[in-house]
Amino acid sequence: MWRNPTFICAMSLTLAVVAWGMVDTLGLAAWASSTVDLLFRSRGWFVMLTTTFLLLGAIILAAGRAGRIRLGAEDERPEFSTFSWLVMMFAAGMGVGLLFYGVAEPVGHFLFFRNYQNAPEAASSALSLTVFHWGLHAWAIYGSCGLVIAYFGFRKNAPQLLSSPLRHVYGENVWTRGFGFVFDTLAVYATAIGLAGSMAMGVFQVQSGVARMLGLGETGLGLALGVFAVLCLASFLPLVRDLGSGMAKLSSLAILLTVGLMLYLLLAGPTGFIMSSVTEMLGNYASQVLPHGLQTYAFWEENVLKYFSDWTLNYMVWWLAWAPFVGVFIARISRGRTIREFLSGVLLAPTGFSLVWFGVLGSAGFYEAYFERFDPQIVVRDVNAATFALLESFPLAWLTSAATIAAAFLFIVTSVVSAAYVLAMFSSRGDTDPPTSMKLTWGVILAALGLVMIVTGSVDAVRAIIALSANPFIFIVLTLFVCLLRALRRDMNHHGEES
């Protein structure tokens with residue numbers, strides 16, 4: 001592996017961030033925040049256009065003739081059951097973020113919109129914005145990248161690298177080799193940074209939950225480092241086992257805990273109110289999803305523009321940062337499925353669950369806040385504790401908090417395992433069964449990066465560092481999707497001539 005230029009360059013970039021973060025944590029966070037702000041101001045419109053284009057492109061491909069194409073040989077069938085496929089995909093793609101932001105994001109948006117709207121309108125707007133961030137646009141980014149990798153890897157027998165589509169469509173030349181090298185290197189770098197940031201956020205939440213359950217008050221960095229150490233140990237065993245026996249079981253358990261938590265809040269809480277809220281939210285989302293995907297708030301005041309950058313644009317590039325990792329992972333577990341089946345599963349199942357999840361937790365938060373059993377200002381004081389604060393207003397808080405901690409921990413482990421697997425693939429020239437030593441190497445590097453993110457102690461700083469690493473992927477993912485469209489058109493024209 002030490003003779004692989006992509007691995008050497010990507011690891012050097014990653015370790016440079018680790019070193020900077022260790023020496024000057026605050027300096028790294030400040031530089032990332034200011035640079036991201038400048039980039040968002042100059043091309044936020046392009047981010048929104050790109051993500052909406054990917055969504056429309058995915059819908060058209062799934063509904064059209066290309067949807068019948070199988071990702072693999074014509075007689076090939078999927079390796080994993082539909083249930084295992086969906087839960088592994090979902091756990092890798094969003095997992096711990098749902099637990100972290102399930103209450104915090106709708107309530108946080110409500111506090112902001114309350115400055116411009118009355119309470120009912122602010123609550124509706126808060127839920128609409130939240131589900132937009134976690135809905136079809138996010139999974140269109142993942143699905144587009146995953147489909148490109150799966151199509152060229154399983155139909156064209158190309159290495160599962162981001163450079164493969166370029167070389168296949170435009171041939172082997174100095175330009176495709178050069179850009180391909182850049183694509184592969186940045187894919188490894190962005191994946192490592194994005195995963196480490198999410199690992200840190202998960203550790204922050206587990207730390208907050210443990211502290212509240214044990215009544216520890218301010219725990220400082222000590223408890224976070226303890227949680228982080230246990231996480232590293234727990235990730236070791238899945239890394240040395242095959243994908244099916246490791247990821248599938250952990251993902252299934254995490255999803256079952258999450259679904260159980262959601263059903264408990266729905267049934268133990270104001271069920272009628274929550275279901276009415278969810279129903280209204282689904283209608284708003286269906287009618288606003290495409291217009292919202294082109295909303296840039298060009299004529300609003302500075303405060304609104306800043307909020308749009310900090311949330312919507314940050315989310316879109318966050319999904320782009322995870323696109324190589326989640327896309328390649330989804331491709332790896334999707335061999336044998338048709339393009340229509342692939343895109344339908346990737347777009348609809350996770351989006352549907354996300355909508356219901358945020359609808360239930362957000363509505364429960366609004367309801368409990370109205371009756372003063374939940375303080376919405378906790379989102380401002382300690383965003384990590386928002387979910388646990390809501391659970392404390394329900395019976396059996398100790399049990400539901402423990403389940404949340406366990407699910408968050410499992411989601412972090414599955415993300416680390418799947419990311420190490422994908423990074424090892426990239427570093428071994430697209431090998432779908434990378435050596436264990438390579439997976440463990442990346443596990444150690446991810447741990448070092450995660451430690452840097454944890455030391456920052458700031459969720460906002462973590463998000464800024466992730467966004468900075470992801471910005472080049474606005475262009476890379478778009479280029480890959482164009483390569484896919486060109487290759488599909490050639491294939492369908494070729495099959496049309498033969499028939």
What class does the angle between the rings of [X] and [Y] fall in, given that below 30° is parallel, 30 to 60° is tilted and above 60° is perpendicular?
| X | Y | answer |
| --- | --- | --- |
| W300 | Y297 | perpendicular |
| Y307 | W311 | tilted |
| F112 | Y116 | tilted |
| F358 | W134 | tilted |

Any luck finding a side-chain donor-acceptor pair between [X] and [Y] under 3.5 Å?
| X | Y | value |
| --- | --- | --- |
| S125 | H109 | no |
| S124 | N284 | yes |
| Y315 | E105 | yes |

Next on the checklist: Can you tell me which residue among I149, T479, L147 is in a side-chain contact (heavy atoms from CB on, under 4.5 Å) with L484?
Outcome noted: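 One option only clears the test, and that one is L147.
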Atom pair [atom1] ([X]) and [atom2] ([Y]), whose distance is rounded to the nearest 0.5 Å:
| X | Y | atom1 | atom2 | answer |
| --- | --- | --- | --- | --- |
| S163 | H168 | OG | NE2 | 13.0 Å |
| M262 | L98 | CE | CG | 10.0 Å |
| N115 | N303 | CG | CG | 7.5 Å |
| F183 | L161 | CZ | CG | 13.0 Å |
| Y142 | W319 | OH | CH2 | 5.0 Å |
| L305 | T296 | CG | OG1 | 8.5 Å |

Checklist entry - Are W139 and L55 close enough, and set up right, to give a side chain to side chain contact (heavy atoms under 4.5 Å, CB included), and what steps lead you there? => result CA-CA 8 Å; W139 285 96; L55 174 59; over 6 Å; no
Checklist entry - For atom NZ of K306, is the number of surrounding heavy atoms from other residues, nucleotides or ligands below 6.0 Å larger than 12? => result no
Next on the checklist: I'd like to know whether CZ of R68 has more than 12 heavy-atom contacts from other residues, nucleotides or ligands below 6.0 angstrom.
Outcome noted: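 Not buried by this count: 12 neighbours or fewer within 6.0 Å.
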Checklist entry - Which is it for L290 and L56 under the side chain to side chain contact (heavy atoms under 4.5 Å, CB included) test, yes or no, and what are the steps along the way? => result CA-CA 9 Å; L290 290 180; L56 293 174; 4.0 Å; yes
Considering all heavy atoms, the nearest [X]-[Y] contact:
| X | Y | answer |
| --- | --- | --- |
| P376 | L111 | O-CD1, 3.7 Å |
| C145 | A323 | SG-O, 3.4 Å |
| A123 | F110 | N-CD1, 3.5 Å |
| L54 | I141 | CD1-CG1, 4.2 Å |
| V203 | A224 | CG1-O, 3.4 Å |
| L343 | G143 | CD2-O, 4.3 Å |

Is there a side-chain contact between [X] and [Y] (heavy atoms, below 4.5 Å)?
| X | Y | result |
| --- | --- | --- |
| Y101 | T130 | no |
| P159 | F152 | no |
| I474 | L478 | no |
| R177 | L166 | no |
| L480 | F475 | no |
| W85 | P78 | no |
| V188 | D184 | no |
| S363 | L127 | yes |

Item to check | side chain to side chain contact (heavy atoms under 4.5 Å, CB included) assessment of T387 paired with T404 | outcome: CA-CA 9 Å; T387 299; T404 301; 4.3 Å; yes
Checklist entry - Could you walk me through whether Y285 and F132 pass the ring pair (Phe, Tyr, Trp, His ring centres under 6.0 Å) check? => result CA-CA 7 Å; Y285 181 73; F132 171 75; 7.4 Å; no
Is a side-chain donor or acceptor of [X] paired with a backbone partner of [Y] at a separation under 3.5 angstrom?
| X | Y | answer |
| --- | --- | --- |
| R70 | G336 | yes |
| S208 | F204 | no |
| R340 | A62 | yes |
| R337 | F342 | no |
| S334 | I330 | yes |

Next on the checklist: Could you check whether R335 pairs with E341 (Lys NZ or Arg NE/NH1/NH2 to Asp/Glu carboxylate O, under 4.0 Å)?
Outcome noted: no
Which atom pairs, one a donor and one an acceptor, fall under 3.5 Å between side chains of residues 44-53 and the rest of the protein, sequence neighbours left out?
residue, atom, partner, partner atom, Å
W45, NE1, S42, O, 3.2
T50, OG1, F46, O, 2.8
T51, OG1, V47, O, 3.2
T51, OG1, M48, O, 3.1
T52, OG1, M48, O, 3.0
T52, OG1, H137, NE2, 3.3
T52, OG1, G293, O, 2.9

Checklist entry - Are Y189 and C9 close enough, and set up right, to give a side chain to side chain contact (heavy atoms under 4.5 Å, CB included), and what steps lead you there? => result CA-CA 9 Å; Y189 171 69; C9 289; over 6 Å; no
